[in-house]
Number of protein chains: 2
Amino acid sequence: MRSANSDSKKKHRATIKDVARASGLSSATVSRVLSGYEFVKDGTRSRVMEAVEQLGYVASLPARSLAGGRSRIIGLLVPNLDNGYVGTITQGIDKALSSANCDLVLYTSHRQPSKETYYVNAITNGITEGLLLIAPQFTSTYLAALRERDFPYVLIDQADPTGNSGVVEATNYQGAYEATRYLCKLGHTRIAFIAGALKVHSAAERLRGYKAALAECGIPSSKKLILDGDYQQQGGYEATKHVLSNVDPPPTAVFASNDISAFGAMDAAREHGFSIPDDISIVGFDDVPQTSLVYPKLTTVRQPLEQMGQAAAEMLLERIEDRSRPPQRITLATHLVVRDSCTPPKLQRGERRSPFTETGGSVLPTN
Amino acid sequence: MRSANSDSKKKHRATIKDVARASGLSSATVSRVLSGYEFVKDGTRSRVMEAVEQLGYVASLPARSLAGGRSRIIGLLVPNLDNGYVGTITQGIDKALSSANCDLVLYTSHRQPSKETYYVNAITNGITEGLLLIAPQFTSTYLAALRERDFPYVLIDQADPTGNSGVVEATNYQGAYEATRYLCKLGHTRIAFIAGALKVHSAAERLRGYKAALAECGIPSSKKLILDGDYQQQGGYEATKHVLSNVDPPPTAVFASNDISAFGAMDAAREHGFSIPDDISIVGFDDVPQTSLVYPKLTTVRQPLEQMGQAAAEMLLERIEDRSRPPQRITLATHLVVRDSCTPPKLQRGERRSPFTETGGSVLPTN
DNA sequence: CAGTGAATTGAAAGCGTTTACAATTTGATG
DNA sequence: CATCAAATTGTAAACGCTTTCAATTCACTG
């Protein structure tokens, strides 16, 4: 109604045929030029490019991928978006993908809580060439379907029990070990541990690291100090609340399986009248951006989230190029980042300072 | 190589023809059933559904959208992902989209810094049915291209100068006005303002609100107290650093155009030896999740980010359904959320407390 | 029981690419 | 100059779906 073009005809976007016509070639040749085929005359190539430029032509994604070409779209399955964790990883993914000229489709895993398989079906039947999964909980359901389709995917911060998947993770065991050891060396002997969702591989590894460090420092690990958690702030809060009111004497330090639950622990400690770090030391895991926003700044184990995202995206791209390549596993190093949330414990009546007092390990300078 | 199927043949995913064959109908009928066409016999419908179920059939997205069907994919153009701002909005978008059974393709705007138009071309030629833009800076370039294609889109937290776009935003002017007024009523008379990137509409509005409140409270606004900012933490830090060292007497309060730059202001204030809120009050804008993580908890103007995302997604969906619908504009209310970062100013020698002392306005209870 | 319009289904034409396959050119060789 | 392989381009067949168009079937009406 409101159009008043000279040519009339609703302006259709340019198709490959338009380019072919404009350059006096066949659409096959145009396609070849555009997909970088080798055997095209230079003159032809430039004629095509000129027409493309002039018409503002961009290939239709659906058509291209229907015809078997590459869609250059990668799927990303995330559990949520509200904390920096996923955002930071995604940043890395985006970096790698944008240099490979790929786009990202976001899937949130809460979406079809029941029928995961259907969901995976939907993803793999889409325009997506591959899938990145950030710390998925239901690996078994997903992975079976994915592999059955021979669909390229990479797990981020989660292991595949069968070991058949591409995986990018960090040294969870080692990181937890170092953090716990750090607390021991500060003189803490009652160190509570807030576990993550234990079906997630990283959570189990961190627990292992915690126990190992305790053992090495000659501190018996106590069931009462190992608390259930779920990687959420609320969970960290409740666990800490519980341990402070029910365990006597209370722990002098809390090692939370991730930063988010460490934030919850901080809340609970303060609510309990404890000041951080004077009355209780707190350590987190991940080093999400918020760690240096909280007060006091949180000492934590840095997981190179952005790099992990980047590495995973690159791995996926390689798998897409070469389907035969066997699944790799990349483990990136974690580092303890010492900030302001830890200090040696106050001595209670009758307590002696533990023999470990030097600091050690691969400790990064304060940030 | 490793397959051992009875039928052999690399297992192709089921197509519509397979379903047709399995149900003894034509693919046209299957298509009709699947797209909810009205005039299909109940018996037919159930035969189709059965076959679909049995084969685990999911329609191919590329094929469907090539053929003119709906792809149910929405594009989202974001400036970045590292702060909670975008994440929270996206959460809302995701909520609305998932109830409409749509997926999300993520585009980051830094990607093609030079040729935006090409970028828009690429987006609109893709599988995307519509586009959501979060606070885009280069509206003019984008919008022209978008409108020329008659491509449905909605702006979030950014206005279109020409007023031809669907827009979802918050009461920026009003929010800034209330926050400033709140500071005035606490007794502050030297209130610094850290501006946002002024090409973003919201930033300009917030500045307007600040000035208006000052005027109403009879406080002359001073150029020296209006600082350049860019909505980034670093910018807030530098602006505050600057104003504290170069303006005498220094401001007793800082109103930052968004939370992120308020965090920067907090850093700078502390670095300058000021304690918050005793020596200086600070107010932010947005109410990102981090606000209650920082110490002291930040008093801020809450922008209903999640709701904004949701509203925008819904608006876009409507526009897609009915292209003729004129562009709407939704403005959601902001509220001042009082936390711990503000207090009446300490009186300097010779100063009198300002006449405004009651609190007022639409103030939400502390959180 | 013929007639009529609605309900129901099928056949086949695209949608815009990619990609065998085939045809034509070109260049070098003998 | 004939010959052969390589280089270059075109033709046309998919890809898997939606959607006209037409055909068939139904349910009534008169």
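All chains are named by letter (A, B, ...) in the order of the sequence lines, taking the proteins before the strands, and each is independently numbered beginning at 1. In this text, all values refer to a predicted model and were calculated from it rather than measured experimentally.
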In whole Å, I'd like the distance from the [atom1] atom of [X] to the [atom2] atom of [N].
X     : N      : atom1 : atom2 : value
A:L34 : C:dT19 : CG    : C1'   : 15 Å
A:Y37 : C:dT19 : OH    : P     : 11 Å
A:L61 : C:dT17 : CG    : P     : 10 Å
B:L25 : C:dT9  : CG    : P     : 7 Å
A:R72 : C:dT17 : CZ    : P     : 16 Å
A:I16 : C:dC15 : CD1   : P     : 14 Å
A:F39 : C:dT26 : CZ    : C1'   : 14 Å
A:L66 : C:dT18 : CG    : P     : 11 Å

Say whether, by atom type as modelled, one donor and one acceptor occur between the side chain of [X] and the main chain of [Y] under 3.5 angstrom.
X      : Y      : answer
B:R72  : B:L97  : no
A:R32  : A:Y37  : no
A:T88  : A:L305 : no
B:R323 : B:D150 : yes

Worksheet entry | Atom CD of A:E318 with >12 non-hydrogen neighbours under 6.0 angstrom |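 Above 12, so yes.
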
Discussion item. With heavy atoms of chain A within less than 4.0 Å as the criterion, where does contact along DNA chain D begin and end?
Written reply: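 That gives a stretch of D:dA7 to D:dG16.
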
Response to the item:
Nearest-nucleotide check on DNA chain D, A:S27 vs A:R47; residue mapping nearer the 5' end is A:R47

With respect to the phosphate group of [N], does any side-chain polar atom (N or O) of [X] fall under 4.0 Å of OP1 or OP2?
X     : N      : answer
B:T29 : C:dG10 : yes
B:S26 : C:dA11 : no
B:T44 : C:dT9  : yes

Discussion item. Mind checking if B:S31 touches a base, just sugar-phosphate, or nothing, with heavy atoms under 4.0 Å?
Written reply: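 Result for B:S31 = base.
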
Discussion item. What contact category does B:A59 fall into here, base, sugar-phosphate, or nothing, at under 4.0 angstrom with non-hydrogen atoms?
Written reply: sugar-phosphate

Discussion item. Could you check whether A:Y153 and A:R147, counting side-chain N and O atoms only, form a donor-acceptor pair closer than 3.5 Å?
Written reply: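 Indeed, the side chains of A:R147 and A:Y153 share at least one donor-acceptor pair under 3.5 Å.
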
Item to complete: Output every pair passing side-chain hydrogen bond (donor to acceptor under 3.5 Å, both in side chains) with a member in residues 60-70 of chain A, not counting sequence neighbours, ordered by first then second residue.
Response: A:R70-A:E129, A:R70-A:E321

Worksheet item: Picking from C:dA12, C:dT9, C:dT17, which would you name as closest to the side chain of B:R32?
Response: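 Between C:dA12, C:dT9, C:dT17, the one nearest the side chain of B:R32 would be C:dT9.
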
